[in-house]
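Here the structure is laid out as structure tokens; the discussion comes afterwards.
Numbered from 1 within each chain, the chains take letters A, B, ... in sequence-line order.
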Amino acid sequence: MTSRLHARQRPLRESEFAQIPWLSRLLPNEHERAVSDLRVGMAQAGEMICRTGRPATYWFGVIDGLLKVSILTLQGRTTTYTGIAPGGWFGEGTVIKREAYRYDAQALRRSRVAGLPTGTFHWLLDHSIGFNRFIMDQLNERVGQFIGTLAAERTSDPEQRVAHSLVALANPRLFYNVGRELHITQQELAYLVGLSRQRVNQALHELAARKLVRVEYGRLRILDLPALRRLGLEPESTG
DNA sequence: TCATTAAATTGTT
DNA sequence: AACAATTTAATGA
């Protein structure tokens, strides 16, 4: 529930500026207003950041932690759209159209989440070329990612599904704080991919055997992103 | 700093 | 889903 995030929210700290990719693209007066309007809150694991149907009040970003964006199908099944890693921002489509959220966002682990009020968002759209540029790049990047997801979803091969999720999370254009080291547990990855933890564990070791990733405690190291990308996006490709 | 303990995560059935 | 093994984090001397 957004109000829970509300209750604990506080202004942005200066040390957090660097975690927000679009701030550096703003001119001084734009920067000043954005920083003073930005709010930061702690979301506990399992906590909802936004819910389907609620009017869009914030454009959200992850400072650290991990979120899952999902919808509830008519059949009552949960379908995960994507994970949001540190440095990632989401909800711009909804905020631009001034609509209600069309998805749920939930913290998979304890996460620091920033929110920019819709009013400020629109002000930046109206005044800042740098901001517009960021939004355009982000929308463009997301389109590409969803096309890849469509291809990846046609397969039921866990190894490919897992590979695709990893490639998506390692995308520096969407999650610029994420390097070759993904801080994600196998359980969290399982929630994102929609597979059991056991199956994810098995798939990860298959990927590790191919030297595409290294499995570590509480995190994964990506060893061969190009090969992982081929595997995740193109069903027949074996590298 | 080190040893002990609890908690989290992984590996396996 | 359950359980054992392993790794990390927390605690206190």
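Once rounded to the nearest 0.5 Å, the distance linking CG of A:L150 with CD of A:Q145 reads 11.5 Å. One finds the OG atom of A:S128 at 12.0 Å from the CZ atom of A:R133 (value rounded to the nearest 0.5 Å).
The separation between A:L195 atom CG and B:dT10 atom P is 15 Å, rounded to whole Å. Rounded to whole Å, the distance from CZ on A:R197 to C1' on B:dA8 is 11 Å. One can place CZ of A:R199 at 14 Å from P of B:dT12, the figure rounded to the nearest angstrom. Counting to the nearest Å, the P atom of B:dA8 and the CD atom of A:Q44 are 12 Å from each other. In this entry the distance linking CD of A:Q186 with C1' of B:dG11 reads 8 Å, nearest Å. Residue A:Q187 contributes atom CD, which lies 19 Å from atom P of B:dA7 at whole-angstrom precision. Atom NE2 of A:H205 is separated from atom P of B:dT10 by 9 Å (rounded to the nearest Å). For A:L189 and B:dT9, the CG to C1' distance is 14 Å, given to the nearest whole Å.
Side chains of A:Q138 and A:E92: a donor on one and an acceptor on the other come within 3.5 Å.
Looking at A:D224 and A:R229, no side-chain N of the basic residue comes within less than 4.0 Å of a carboxylate O on the acidic one, giving no salt bridge.
Remark: aromatic rings of A:F131 and A:W89 are distant, center separation not under 6.0 Å.
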What nitrogen or oxygen pairs link the protein and nucleotides 6-9 of chain C at under 3.5 Å?
from: C:dT7; atom 1: O2; to: A:Y217; atom 2: OH; distance (Å): 3.2

Solution key, residues 179-186 of chain A side-chain donor-acceptor pairs under 3.5 Å, sequence neighbours excluded:
from: A:R180; atom 1: NH2; to: A:A170; atom 2: O; distance (Å): 3.4
from: A:E181; atom 1: OE1; to: A:H183; atom 2: NE2; distance (Å): 3.1
from: A:E181; atom 1: OE2; to: A:R221; atom 2: NH1; distance (Å): 3.2
from: A:E181; atom 1: OE2; to: A:R221; atom 2: NH2; distance (Å): 3.0
from: A:T185; atom 1: OG1; to: A:E188; atom 2: N; distance (Å): 3.1
from: A:T185; atom 1: OG1; to: A:E188; atom 2: OE1; distance (Å): 3.4
from: A:Q186; atom 1: OE1; to: A:N201; atom 2: ND2; distance (Å): 2.7

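Checking the phosphate oxygens (OP1, OP2) of B:dT10, no side-chain nitrogen or oxygen of A:N201 falls inside 4.0 Å.
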